[in-house]
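These notes are about the structure you will find just below.
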Amino acid sequence: MIRINGLKCFILSVYLQKLETIQIMIKNLVIVESPAKAKTIEKFLGKDFTVKSSFGHIRDLSKTQLGVDLLNNFQPTYEVPKDKTKMVSELKKLAKESETVWLATDEDREGEAISWHLYEALGLKKNKTHRIVFHEITKTAITEAIEKPRTIDMNIVNAQQARRVLDRLVGYELSPVLWRKVKPSLSAGRVQSVAVRLLVEREDEIKVFKSTSAFKVQAIFLVNENEKTTSFTAELPQRLKTKKEALAFLEKCIDAVFTVYDIEKTPFSKSPAPPFTTSTLQQEASRKLGFPVARTMQVAQQLYEAGYITYMRTDSVNLSNMALSMAKDEITNQFGSEYVKTRKYQTKSKGAQEAHEAIRPTYFNNQTIEGDGQNKKLYELIWKRAIASQMSDAKLERTTITIDISTTEEKFVSKGEKILFEGFLKVYIESKDDEDDESSEYLPSISKGDKLNLQEILAIQRFSQHPPRYTEASLVKKLEELGIGRPSTYAPTISTIQKREYVVKETRTGISRSFDQIVLKNNKIKEETKTEVFGTETNKLFPTDIGTVVTKFLIENFINILDYNFTANVEKEFDDVAQGLIQWNSMIAKFYAPFHETVEKTILHSEKASGERLLGQEPGTGTNMYAKIGRFGPIIQIGEKTDEIKPRFASMPKDQSIETITLEQALELFRLPRSLGNFEDLEMTVAVGRFGPYVKHDGKFFSLSKTDDPYEVSIERAIEIIQKKREGGETSNKTILKEFPENDDVKIMNGRYGAYLVYKKENYKIPKGVKAENLSLDACIKIIEDPESKSKKKKFTRKSK
DNA sequence: CAGTGAGCGAGCTTCCGCTTGACTT
């Protein structure tokens with residue numbers, strides 16, 4: 001016994017000793033921002049280095065308070081957010097046990113600030129802390145960085161504090177003004193408000209746009225070539241203003257002789273586009289793959305975490321030397337050395353901070369990857385763009401054929417392009433195959449003086465187009481051009497303005513319109529009127545009534561914040577702070593004094609902004625009817641509020657707007673709620689709520705289906721809906737993946753976030769990597785018993801009452 | 001969360017930039 005105990009003691013003491021040695025064994029603790037980056041770097045650095053990540057910022061201003069001391073030089077108060085406390089205390093512990101701490105966050109304003117926050121929050125010691133930076137994740141870059149550490153640059157940190165405090169002051173003072181003057185829960189900010197403004201002003205341009213029409217004239221000629229008849233198209237360079245002019249021109253062409261007057265060949269070359277940044281990736285993925293910007297970022301994040309691509313939130317087009325040589329090798333192997341042209345690109349976008357490389361494949365020899373369709377497609381797009389950026393120019397030749405018309409001075413012109421050397425187009429042409437193959441104009445080999453056979457001449461009425469509405473991606477492009485927002489915020493900004501209901505993303509089909517077409521064929525002129533659908537907008541951003549009213553209110557009262565150059569101007573001052581030329585708090589003071597004065601003035605003197613429009617009078621009573629923004633969104637109001645009269649209200653459906661709704665449409669809305677009669681001695685009423693049309697009975701709600709019209713639905717149908725819902729019981733709208741006959745307390749359900757377990761009305765997470773369908777009852781019970789898998793119920797933050 | 005449309009009143013909403021999971025029917 002004693003011996004056994006002794007052995008146990010011995011083992012225990014060895015174990016404890018080992019634990020101790022492990023604890024003091026951390027020589028170097030390196031902290032970066034992203035866990036994926038930490039993993040890569042750890043491999044380069046070897047066992048003397050432990051690499052951890054901060055998961056971005058670790059401290060911020062309070063969410064519920066201003067967090068800026070207005071009476072004390074705008075001194076910010078930072079706190080560690082709840083979801084970061086655990087991670088921060090772990091880092092703190094590790095830092096204490098380490099000989100040296102290396103702060104290796106990004107080399108930009110935010111990165112410098114993260115390092116400073118780490119230094120403060122972890123209580124680091126000056127003599128054992130180093131600040132290092134690298135722009136590319138390669139072994140040489142990292143070892144070089146370690147050889148020249150520096151200290152935290154407080155000027156840059158202060159520039160970040162200025163940025164943070166300014167955004168907080170603007171956002172947290174402007175938003176409450178909107179709550180009072182427009183509608184509660186709205187928001188305003190340096191970035192989002194300008195984004196909405198762009199959409200509102202584009203909509204205004206479209207409203208005042210007057211479409212004009214002119215006739216485009218096209219001739220199709222037939223040519224005999226290698227004993228085959230081919231055709232090609234030529235166009236009149238100028239458009240004809242009226243139908244009369246078009247007719248007169250075609251009449252002149254009757255019996256005319258068409259001769260090749262001139263053939264001109266001009267060589268030119270095309271260069272590839274630089275590799276992707278966040279913004280250009282979002283644009284291309286939207287155009288070529290139809291991805292919304294949020295999806296592009298989700299997929300890119302997965303590619304990054306899997307190690308397939310470099311960091312996806314970047315404003316830089318720069319490639320590391322290692323990447324350049326890998327690309328060169330890959331191009332040489334695949335296409336030959338004549339296709340190689342190593343290029344260094346310069347970032348042109350305003351306010352770029354270039355802490356990272358451009359977005360590129362980690363290894364260029366992976367032309368494709370394993371994974372689902374979306375991941376594969378996005379990866380291949382990134383690969384092609386990066387590879388093409390390192391390839392030689394394409395050499396092309398443009399041919400212009402001018403065709404003489406014997407009966408008039410005008411001449412037809414035909415243009416075509418021929419590729420002499422593909423260069424980078426080799427990579428793009430391959431990708432074009434699966435798209436609709438828009439064959440570039442083919443020009444037959446003809447010579448000067450040749451007579452041409454006319455097949456027909458077509459004069460088609462064409463209309464000028466209004467400026468295009470923004471897509472998510474084109475809005476990002478515009479914001480980037482203005483220097484507003486950062487790679488990490490483009491996608492969130494787009495979703496914020498939609499969440500606030502300033503903007504909706506929609507596909508709206510155009511309207512049909514008629515146009516004239518005149519054809520000359522076989523020396524006969526034929527006139528036709530045709531119809532086409534024009535102006536269809538697919539997945540475009542449209543400003544809502546709320547967005548429009550809020551923007552006009554902000555422009556009227558806070559034009560300097562809504563100014564397209566506001567960000568660019570303050571950025572210049574942030575730069576001055578970063579260089580130590582000015583103090584950050586005096587910069588903020590200069591901004592804040594007049595800004596705050598305007599806020600106060602607006603609260604006191606400005607009228608409520610509701611976008612109110614008088615629609616007309618209610619038939620019968622002659623009472624005024626208005627469309628406006630109410631406390632909960634757009635409404636129709638009948639009558640003004642006085643001491644005696646309470647006006648009547650109805651919410652406007654989402655597809656109608658204050659500006660276009662008619663009196664008749666508005667009156668329709670007051671037919672609801674509508675009583676349907678009794679069922680089981682209780683009244684049924686039909687109305688439209690937040691989740692669409694419903695029947696209310698006995699205090700319960702029953703949704704109408706999409707095919708039911710709330711204005712027309714019958715009493716029989718309503719009863720049917722109620723009974724159907726009752727039969728369906730509780731689980732009607734949940735999908736059960738698997739049940740166990742031997743234990744009906746346990747169920748595997750399929751929810752919005754994937755499969756989960758239900759046991760006696762409690763939910764449990766299924767561990768990652770486990771196929772839910774294959775789980776046995778025993779396995780399920782094991783999961784249920786594991787305290788880790790119990791899903792934490794989120795505290796309901798909304799206060800009752 | 002299936003109404004409401006004010007303001008004596010209770011209490012709340014909100015910004016921009018860094019980062020990933022956790023979220024739950």
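Labels below follow one simple rule: chain letters A, B, ... track the order of the sequence lines, proteins then strands, and each chain is numbered from 1. Here the structure is a predicted model, which is why all the values come from computation and not from measurement.
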Nearest-neighbour nucleotide for the S175(A) side chain, dT14(B), dG17(B), dA6(B) considered: dT14(B)

Selected nucleotide, minimal atom distance to T489(A) side chain, candidates dG17(B), dT13(B), dG5(B): dG17(B)

Integer angstrom distance from the P of dC1(B) to that of dT24(B): 14 Å

Contact under 4.0 Å: Q160(A) side-chain N or O vs dG17(B) OP1/OP2: no

Y172(A), nearest nucleotide to its side chain (from dT19(B), dG17(B), dT14(B)): dT14(B)

Nucleotide of dT14(B), dT19(B), dC16(B) approaching P176(A) most closely (side-chain heavy atoms): dT14(B)

Phosphate contact (dG17(B) OP1 or OP2) by R190(A) side-chain N/O below 4.0 Å: yes

Step-by-step side-chain contact (heavy atoms from CB on, under 4.5 Å) determination, L676(A) to T685(A): CA-CA 6 Å; L676(A) 269 188; T685(A) 48; over 6 Å; no

Between dG7(B) and dC12(B) - C1' atom distance, rounded Å: 15 Å

Rounded distance (Å) that lies between atom P of dC15(B) and atom CH2 of W179(A): 9 Å

Residue met sooner reading DNA chain B from 5', once Y304(A) and T496(A) are mapped to nucleotides: T496(A)

Whole-angstrom distance between dA6(B) and dA10(B), as gauged at atom C1': 14 Å

Phosphate OP1/OP2 of dC18(B): any S488(A) side-chain N/O under 4.0 Å: yes

Quiz item: R486(A) side-chain donor-acceptor pair to dC16(B) base, under 3.5 Å: no

Given dT14(B), dG17(B), dT19(B), the nucleotide with the shortest approach to the side chain of S187(A): dT14(B)

Short side-chain to backbone donor-acceptor contact, T314(A) and E357(A), under 3.5 Å: yes

N/O donor-acceptor pair, side chain R164(A) with base dC15(B), under 3.5 angstrom: yes

Under 3.5 Å donor-acceptor pair, R631(A) side-chain atoms to dG7(B) base atoms: yes

